[in-house]
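Since the structure comes first, as structure tokens, the remarks are kept for the end.
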Amino acid sequence: MIIVCPKCSRKHKVSPDAVTPYIQSGKKLFATCKACKYRFPVLMNTLGDLEKKAGQPILETKARARKICVTLSKGGVGKTTTSVNLSCGLAMNGYRVLLVDTDTQGQSAYMLGKKPGAGLTELLTGELTPNECIIEARKNLWLLGGGKSLAGVKRIIDRKSYGAEWALSEALSNLDTQYDFIIMDTAPGWDQLIVNVLFYATEVLVPVALEVMPLHGLSEFLKSLGSIQQYRKEIELKYIVPTFLDTRIKGPQTLHSELKRLYPDQLCAPIHYNESLAEAPSFGKSIFEFAPGSRASADYRELVRKVSMNDKAFS
């Protein structure tokens, strides 16, 4: 009998004898993934049909995408750069990735060299279907673009009398099983759309520029995230990514050491300051395409390995 983790897609063999008592009693069956420690309910309603077709007990849940929100209330910390390069890196390693741009600037499309005719706005308002809004940006990488029109969507969400925080979740619900990762780029600040993203995502990745104000912004963001977690236990701060590490000066290294002390479990390897990261967007390319031999490319390859839990990525 096979059980598939809906979070990391790892398959686990389970003895039918261990599951049979739950089937017979009608009790809910939960499993905990040995790889990522995610606890999830096992769907039992199709078990009978699967047994008849296969001739033996098979129990398999359809894998759901890992939904990662890239966010911090402070601007200029590398959110879009990280969202785009992480998405491209995962796609290059065979994962099916949807990049969702929830920023009114719509820079994710620009960085990928694309000009989508529609995007998240049309999906949220119900004007178009997901297939009409999502474009293929690279092999294994799809884009749901943002842009100025999202400002109007924010006002629509604000006017909802109830359930406003679930608007994005409702719009994206049918996409959960079509991808391995759904990466969400967010705008600076704190508004109803970011609340929507946090009610949809299950993992949070925070890029933090190694400067005093972004570190203060991290502290404030964690307080806001704690408020969300009172209603959504599923969402978790998984990754803190230091950005713009310049080893030529002492300040960023000191702040990096402070982050190590405060967040040892969530801290990822830093992204070093690199001119290629600033130049790549003007060519509509990821860092892996524009400067594959650069230090920044090596840094983002390491982040891809960390997030995918795949040490063999890029090998």
Side-chain angles (χ1 to χ4, degrees), residues 6-7 28 30 38-45 61-73 79 83 97-106 108 116 118-134 142-206 220-238:
K7 185 174 183 180
K28 276 191 174 182
F30 287 84
Y38 182 64
R39 188 170 185 266
F40 58 94
V42 178
L43 302 178
M44 310 295 291
N45 55 342
T61 58
K62 196 167 185 180
R64 291 184 176 273
R66 287 177 57 192
K67 298 176 286 189
I68 303 176
C69 165
V70 181
T71 189
L72 185 66
S73 303
K79 289 191 293 293
S83 298
V97 183
L98 174 64
L99 174 58
V100 181
D101 189 349
T102 68
D103 193 344
T104 53
Q105 297 181 75
S108 294
L120 182 58
T121 297
E122 289 74 17
L123 183 61
L124 284 170
T125 58
E127 297 174 52
L128 298 174
T129 65
N131 288 339
E132 294 172 313
C133 300
I134 296 171
W142 288 263
L143 172 68
L144 183 57
K148 294 179 180 178
S149 58
L150 284 172
V153 171
K154 291 180 183 181
R155 289 194 290 271
I156 294 173
I157 293 174
D158 283 335
R159 287 199 296 266
K160 282 194 172 187
S161 56
Y162 59 91
E165 65 274 12
W166 296 105
L168 183 68
S169 299
E170 292 168 359
L172 299 180
S173 60
N174 292 331
L175 303 176
D176 287 3
T177 57
Q178 298 181 30
Y179 302 94
D180 299 309
F181 290 90
I182 297 178
I183 309 294
M184 285 158 284
D185 183 25
T186 61
W190 184 267
D191 57 26
Q192 187 61 259
L193 191 51
I194 289 182
V195 171
N196 263 252
V197 172
L198 293 173
F199 266 77
Y200 175 69
T202 53
E203 303 175 43
V204 176
L205 184 154
V206 179
E220 292 301 310
F221 170 75
L222 292 180
K223 294 177 184 177
S224 300
L225 179 61
S227 299
I228 299 291
Q229 287 173 322
Q230 292 181 20
Y231 302 94
R232 286 200 73 233
K233 304 297 183 184
E234 304 94 326
I235 191 164
E236 179 182 1
L237 174 64
K238 292 291 291 290

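Quantities reported herein were computed from a predicted structural model and do not represent experimental measurements. Along the sequence shown, residues carry numbers from 1.
- Once rounded to the nearest 0.5 Å, the distance linking OG of Ser83 with CG of Asp101 reads 8.0 Å.
- Annotation: cation-pi pair Lys67/Phe181 absent, no NZ/CZ under 6.0 Å from the ring centroid and within 45° of its normal.
- Separating the CG atom in Asp103 from the CE atom in Met184 is a distance of 14.5 Å, to the nearest 0.5 Å.
- Gln178 CD to Leu98 CG: the interatomic distance, rounded to the nearest 0.5 Å, is 9.0 Å.
- Taking 4.5 Å as the limit, every side-chain heavy atom of Asp180 sits out of range of all side-chain heavy atoms of Val97.
- At a cut-off of 3.5 Å, with distance as the only test, no side-chain donor of Ser173 or Glu170 sits close to an acceptor on the other residue.
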- Message: Let's go through Glu236 and Val204 carefully: what are the C-alpha distance in whole Å and the side-chain angles of both, what is the deciding distance for side-chain contact (heavy atoms from CB on, under 4.5 Å) to 0.1 Å, and is it a yes or a no?
- Response: CA-CA 6 Å; Glu236 179 182 1; Val204 176; over 6 Å; no

- Query: Should Trp190 and Leu198 be marked as a side-chain contact (heavy atoms from CB on, under 4.5 Å) after you check the CA-CA gap, both sets of side-chain angles, and the distance that decides it?
  - Reply: CA-CA 11 Å; Trp190 184 267; Leu198 293 173; 3.4 Å; yes

- After noting the C-alpha distance and the side-chain angles of Trp142 and Tyr179, does the key distance pass the ring-ring contact (aromatic ring centres under 6.0 Å, His included) rule? CA-CA 9 Å; Trp142 288 263; Tyr179 302 94; 5.7 Å; yes

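- The main-chain N or O of Asp176 is never found under 3.5 Å from a side-chain atom of Arg64 such that the two would form a donor-acceptor pair.
- Distance check: Glu234 CD to Ile228 CD1 gives 12.0 Å after rounding to the nearest 0.5 Å.
- Side-chain N or O atoms of Glu165 include none that pairs as donor or acceptor with a backbone N or O of Phe199 at under 3.5 Å.
- Annotation for Glu122 and Cys133: closest pair CB-SG, 3.9 Å, computed over non-hydrogen atoms.
- Closest non-hydrogen pair, Gly189 versus Ile194, comes out as O-CD1, 3.1 Å.
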- Message: Under the criterion side-chain contact (heavy atoms from CB on, under 4.5 Å), I'd like the reasoning laid out for Leu172 against Leu144: C-alpha separation, chi angles, the key distance, then a yes or no.
- Response: CA-CA 11 Å; Leu172 299 180; Leu144 183 57; 3.8 Å; yes

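- By the 4.0 Å N-to-carboxylate-O rule, Lys79 lies too far from Asp185 to be salt-bridged with it.
- Scanning all heavy atoms of the two residues, the minimum distance from Ile235 to Arg232 falls at CG2-O, 3.4 Å.
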- Going through the checks in order, is the side-chain contact (heavy atoms from CB on, under 4.5 Å) test met by Leu124 and Ile156? CA-CA 10 Å; Leu124 284 170; Ile156 294 173; over 6 Å; no

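- Smallest separation of non-hydrogen atoms from Ile182 and Leu175: CD1-O, 4.2 Å.
- Closest approach of Thr102 and Thr186 over heavy atoms only: OG1-CA, 3.3 Å.
- Across all non-hydrogen atoms, the minimal contact from Leu123 to Thr129 is CD1-C, 4.2 Å.
- With contacts defined as side-chain heavy-atom distances shorter than 4.5 Å, the pair Leu120/Leu168 qualifies.
- The shortest distance between side-chain heavy atoms of Ile183 and Val100 does not fall below 4.5 Å.
- To the nearest 0.5 Å, atom CD1 of residue Ile68 and atom CG of residue Leu99 are 11.5 Å apart.
- At least one donor-acceptor pair closer than 3.5 Å links the side chain of Asn196 to the backbone N or O of Ala164.
- One distance of note links CG of Leu225 with OG of Ser73; it measures 10.0 Å at 0.5 Å rounding.
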